[in-house]
Amino acid sequence: MLDEIQKRLPNYIYSQDFCLIEPFVGGGALSLWALSELPHLKKLIINDYNADLINVYQVIKNNPNDLIEHLKKIQNDYDKLTDLESKKPYFYQKRDMFNQRNGSDIEQAGLFIFLNKSAFNGLYRVNKNNQFNVPIGSYKNPKFIDEDNILNISKKLQNTQILTGDFELVLHYIPNDLPCVFYFDPPYRPISDTASFTAYSDNGFDDNEQKRLARFCQKIDKMGHYFLLSNSDPKNHNTNDDFFDELYANFNINRIQANRSISANGKSRKFISEILVDNVLK
Ligand SMILES: C[S@@+](CC[C@H](N)C(=O)[O-])C[C@H]1O[C@@H](n2cnc3c(N)ncnc32)[C@H](O)[C@@H]1O
C-alpha cells in the first residue's frame with residue numbers, strides 16, 4: 001500500500017517542515033519509511049492501543065543494545081534446537097513467559113520479537129484475556145536480530161513521541177507550530193463472515209468504532225489538518241455495501257488493488273480492492 005499512500009501525501013511535505021501522526025501504528029510501515037525518506041519530517045507521533053507493541057518501540061528507542069544482547073541469547077538457544085519438534089517446547093515456554101508479563105521491559109520486548117518471528121505467519125493475535133495464542137510456525141531458521149536495523153531505527157526514533165492508548169489520545173499532542181499529516185490504518189472491517197481481520201488486539205473494533213473514527217476524521221479536517229485512512233472495501237463481498245461510502249461521503253474515496261499478506265487460509269491470498277480516504281481539496 002505504501003506506493004499508493006505516497007502518491008496521496010500532500011506536496012508540501014517535500015519542501016516544508018511537518019509533523020506525521022500515526023494513531024494506529026502497528027508495524028509502522030509508513031512511519032519507518034517517512035523517518036528514512038522525508039527530511040522535512042520534524043516530528044513523528046506514534047500511538048497504538050497495544051501496550052506490548054508500544055513497549056517494543058520504547059525499548060528500541062531507549063535500550064537498543066540491551067535488547068540486542070537479549071535477542072542474541074534467545075537466538076543462540078533456538079539455533080541449538082535443530083528440528084521443529086525440539087523447538088516446540090521452547091516456543092510454548094517463551095509464549096507463556098510473554099503472557100505472564102512479569103519480565104522487564106527489555107525481556108518483554110525480546111519475547112515479543114521472538115514470537116513475531118517464530119509464530120505462525122508472523123500473526124499477532126490475543127484472546128479476550130490479552131493472552132497471545134498463535135501457534136508455532138514452521139520456519140527452519142528464523143532470525144530474531146538485525147542488529148544494524150535495530151540501531152538505525154533507535155537513532156531515528158529519538159525525536160519520536162511514543163504513546164499508548166486509544167487513537168483519540170493523539171488529539172492532546174498535536175503541535176501548534178507545524179502542519180500535520182495523519183495516517184489512520186485501523187483494524188479493518190471484516191469483508192466476510194469468516195474473515196477476522198479485526199482480531200489485532202484484545203478490544204473489538206466494530207462498526208461503532210469505525211463510526212467514531214470517521215467523526216474523529218471530521219474533527220481533524222475541521223482543524224485544517226490533512227488525513228489519509230485505509231480500510232478494507234466491503235464491496236469485495238457485497239457490491240451494495242456502502243458503509244464507508246456513506247461514512248466518508250465528504251471526502252475522497254479511492255479504491256485500489258492490494259495484496260493481503262495475512263489471511264486465515266494461505267491459499268485464499270489474492271489481490272482485492274481496499275479503500276484509501278483522504279481530504280485533499282477536490
Ligand atoms: C491494521 S493495524 C496497523 C498496521 C500498520 N499500519 C503497519 O504498518 O503495520 C491496526 C493497529 O491498530 C491498533 N488498535 C486497535 N484498536 C485501537 C484503538 N482503539 N486505538 C488505537 N490503536 C488501536 C492495533 O493494536 C493494531 O496495531
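Atoms within a ligand are numbered from 1 in the order they appear, just like the ligands themselves.
Ring centroids of Phe114 and Tyr78 are separated by less than 6.0 Å, placing the two rings close together. Remark: aromatic rings of Phe182 and His225 are close, center separation under 6.0 Å. Close placement of the Phe205 and Phe24 rings is indicated, their centers lying within 6.0 Å of each other.
In terms of heavy atoms, Gly103 sits closest to Gln108 at N-OE1, 3.4 Å.
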Handout entry: Stepwise side chain to side chain contact (heavy atoms under 4.5 Å, CB included) check, Phe18 with Lys43
Key = CA-CA 7 Å; Phe18 74 103; Lys43 191 175 169 92; over 6 Å; no

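Comparing Thr164, Leu2, Asp185 by heavy-atom distance to atom 2 (S) of ligand 1, the nearest is Asp185. Scanning Gly27, Pro186, Gly165 for the heavy atom closest to atom 7 (C) of ligand 1 points to Gly27.
Of the polar atoms of Asp166, at least one N or O is found under 3.5 Å from an N or O of ligand 1, judged by distance alone. Considering backbone and side-chain atoms together, Phe205 places no N or O closer than 3.5 Å to any N or O of ligand 1. On a distance-only criterion, Leu53 and ligand 1 share no N/O pair closer than 3.5 Å. On a distance-only criterion, Asn47 and ligand 1 share no N/O pair closer than 3.5 Å. Inclusion of Glu209 in the set of residues having an N or O under 3.5 Å from an N or O of ligand 1 is not warranted.
Looking at Ile13 and Val181, their side chains come closer than 4.5 Å, going by heavy atoms from C-beta outward.
Each of Asp207, Asp206, Asp166 was checked for a side chain to side chain donor-acceptor pair (under 3.5 Å) with Arg212, and the lone residue meeting it is Asp166. Tested against Phe227, the residues Asp278, Asn279, Ile21, Val280 include a single side-chain contact (heavy atoms from CB on, under 4.5 Å) partner, Asn279.
Relative orientation of the Phe132 and Tyr124 rings is tilted, given thresholds of 30° and 60° on the angle between their planes.
Every atom of ligand 1 is numbered from 1 in the order shown, and the set under 4.0 Å from a heavy atom of Asn50 is 25 (O). The atoms of ligand 1 that sit less than 4.0 Å from any heavy atom of Phe167 are 19 (N), 20 (N), 21 (C). Close contacts of ligand 1 with Pro23, meaning ligand atoms under 4.0 Å from a residue heavy atom, involve 21 (C), 22 (N).
The residue Tyr188 has no part lying near ligand 1, judged by heavy-atom distances below 4.0 Å.
Not a single heavy atom of Ser230 sits under 4.0 Å from any atom of ligand 1. The shortest heavy-atom distance from Leu30 to ligand 1 is not under 4.0 Å.
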